[in-house]
Amino acid sequence: MGPRKLYPFLLTFLLIIYLRKTNTQTLDDAKDLLKKLFITDAYNKVVRPTCDQSATTNVSMSFYLTGIIDFDSQKEILTTSGYINIVWNDCKLIWNPLDYNNTYYILVPQDSVWTPDVDLRNSMSKLKGLGSSNFYLSVYNNGSVEWYPYGTWKSACNVDITYFPFDTQSCDLKFGTWAYTTGDVSITVDQDAINLTFYEENTAWTIVETSVNAINYMYSPVAVFTIKLNRKPLFFLLNILLPVIMLSLLNVCIFVLPAQSGEKASFAVTVFLSLVIFLSIVMGTLPQNSEEISFLGVYLVIMAAFSTLAVILTMFQIRLNSRDADVDPIPSWLIKLQVMVEVIRCRRCSKVHPATYSQDEVVMFSSDRTNLTGDTTSEKTKSKPQASNQQPIVTWNQICSSLDFVFFWVFSIGTVITSVTIVAIYNIDQR
Ligand SMILES: *[C@@H]1O[C@H](CO)[C@@H](O)[C@H](O)[C@H]1NC(C)=O
Ligand SMILES: *[C@@H]1O[C@H](CO)[C@@H](O)[C@H](O)[C@H]1NC(C)=O
Ligand SMILES: *[C@@H]1O[C@H](CO)[C@@H](O)[C@H](O)[C@H]1NC(C)=O
Ligand SMILES: *[C@@H]1O[C@H](CO)[C@@H](O)[C@H](O)[C@H]1NC(C)=O
């Protein structure tokens, strides 16, 4: 072992000697001081530590938030961890530091001196007082007592779900005394916001702002620490909103399938069931609140309604598709619809099936003409051979196809309008 390797040991040794010289209080000093305060002066921790008992004891509080453990928006419980710095003056814990070899402060167990009976007012678990018996307080020679009770608190928080998942929640942590009234104890707040120096970021919520208020006009004094939280929407965007939008696209696609393919009804029902599952997932994350409804929930219900309608319409379509036009004649309004759809789809102008439709027209016009003109004999000879070898010119199948076309566009426009309205509501009301 060379002399160089000894340097660290030497340094440590010198440091210990140096520390001993500055911190000159001995075991006896501490013992003497505690004897003076608690035995000679007979400290009584029940007595409010203001020498003039008519004066109020001023308790100052500041909150250091260390983390948001959980925000159960369904049960409306915010679980936070952190500590409160509570400072007050105890007129019976004053000494001259020079008498005790420069003892400027001592640590005493929480249970041995007076502490304000502060607790979380809006607690959702049982009240048990701040700190615990193995917590220590710092007592300074000028009587100043500092208490740093650390804790995990479950507080009630009203959740406003209207804009879920783009919602902002405001939660209060109300710390107040239970027995001491505003005449006995007055609470002041040091900082105008919650101290976030030791705060660890939460993955689901962002703190937008915090505020602190002391309320001393009620029966007992309360310090209200308000945390404004913004939900990080990415999770719900990816896992709920996007799938719902995809499902509403699929919902429209029901009308792309032809009625004669056997899949149409089962596909419609599957889309409906998927939407209902998403609805129940969303409702599972929201509080069972009947006072306000979330726009996302309304959107899902509207989509589910669209889907239900699609299922019902599909069933009717399949039934119509199996009809025979010879047995069940097609009502004239459906034929008009069919003609209209053909015009819109521009089947006529492309002249792909000119024969079919000219025949159709001939039949329609000829029947009209028989009524208008009195010349029935010549018309009968013309129309009879046509009627005899007349095939079903407009079939139920074609009607179903036209209905598909109409429903496809009606549902598309309906879905787009609903989605745009919801997005607009979110955007306008968030400003
Ligand atoms: C507490 O504060 C009030 C107002 O600031 C003051 O009047 C009162 O004397 C203080 N009490 C004590 C014990 O210092
Ligand atoms: C202060 O400390 C020294 C030794 O560190 C001791 O001799 C002396 O008695 C102490 N004074 C008092 C008042 O306790
Ligand atoms: C008492 O002393 C401590 C530590 O030096 C200081 O922080 C505090 O402000 C003092 N209190 C009063 C009431 O002077
Ligand atoms: C928060 O607390 C730290 C440590 O006590 C302090 O340095 C800082 O100034 C405080 N911040 C605010 C905003 O009061």
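Start at 1 with the first residue, then count along the sequence. Both ligands and their constituent atoms are indexed starting at 1 by order of listing.
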Visitor: Quick check on contacts: which atoms of ligand 3 are under 4.0 angstrom from a heavy atom of Asn89?
Guide: 13 (C)

Visitor: May I have the N/O to N/O pairs between ligand 4 and the protein that fall below 3.5 Å, each with atom names and distance to one decimal?
Guide:
{"from": "ligand 4", "atom 1": "2 (O)", "to": "Asn195", "atom 2": "OD1", "distance (Å)": "3.3"}
{"from": "ligand 4", "atom 1": "2 (O)", "to": "Asn195", "atom 2": "ND2", "distance (Å)": "2.3"}
{"from": "ligand 4", "atom 1": "11 (N)", "to": "Asn195", "atom 2": "ND2", "distance (Å)": "2.9"}
{"from": "ligand 4", "atom 1": "14 (O)", "to": "Gln191", "atom 2": "NE2", "distance (Å)": "3.2"}

Visitor: So if I count the atoms of ligand 1 from 1 in the order they appear, which ones are less than 4.0 Å from some heavy atom of Thr56?
Guide: 11 (N), 12 (C), 13 (C)

Visitor: Which of the numbered atoms in ligand 3 are below 4.0 angstrom from a heavy atom of Ser144?
Guide: 1 (C), 11 (N)

Visitor: Is the closest heavy-atom distance from Thr50 to ligand 1 below 4.0 Å?
Guide: yes

Visitor: Hey, is ligand 1 close enough to Thr57 that some N/O pair sits below 3.5 Å?
Guide: no

Visitor: Could I get the full list of side chain to side chain contact (heavy atoms under 4.5 Å, CB included) partners for Ala310, not counting sequence neighbours?
Guide: Asn251, Ile254, Phe255, Phe411

Visitor: Are Trp88 and Tyr180 close enough that their ring centres sit under 6.0 Å apart?
Guide: no

Visitor: Does the separation of the ring centres of Tyr150 and Phe135 fall below 6.0 angstrom?
Guide: no

Visitor: Does the Gln169 side chain pair with the main chain of Leu229, one donor and one acceptor, at a distance under 3.5 Å?
Guide: no

Visitor: Looking at Thr210, Asp172, Asn213, which one forms a side chain to side chain donor-acceptor pair (under 3.5 Å) with Thr226?
Guide: Asp172

Visitor: Looking only at side chains, do Tyr163 and Thr168 share a donor and an acceptor under 3.5 Å apart?
Guide: no

Visitor: Centroid separation under 6.0 Å, is that true for the rings of Phe175 and Trp153?
Guide: yes

Visitor: Does only the side chain of Asn141 get under 4.0 Å from ligand 3, or the backbone, or both, or neither? Count heavy atoms.
Guide: neither

Visitor: Identify the heavy atoms of Lys45 and Asp111 that sit nearest to each other, and give their distance.
Guide: NZ-O, 2.6 Å

Visitor: Kindly confirm or rule out an N or O of Asn142 lying under 3.5 angstrom from an N or O of ligand 3.
Guide: yes

Visitor: In terms of side-chain heavy atoms, does Ser402 have a donor or acceptor partner in Gln338 at a distance below 3.5 Å?
Guide: yes

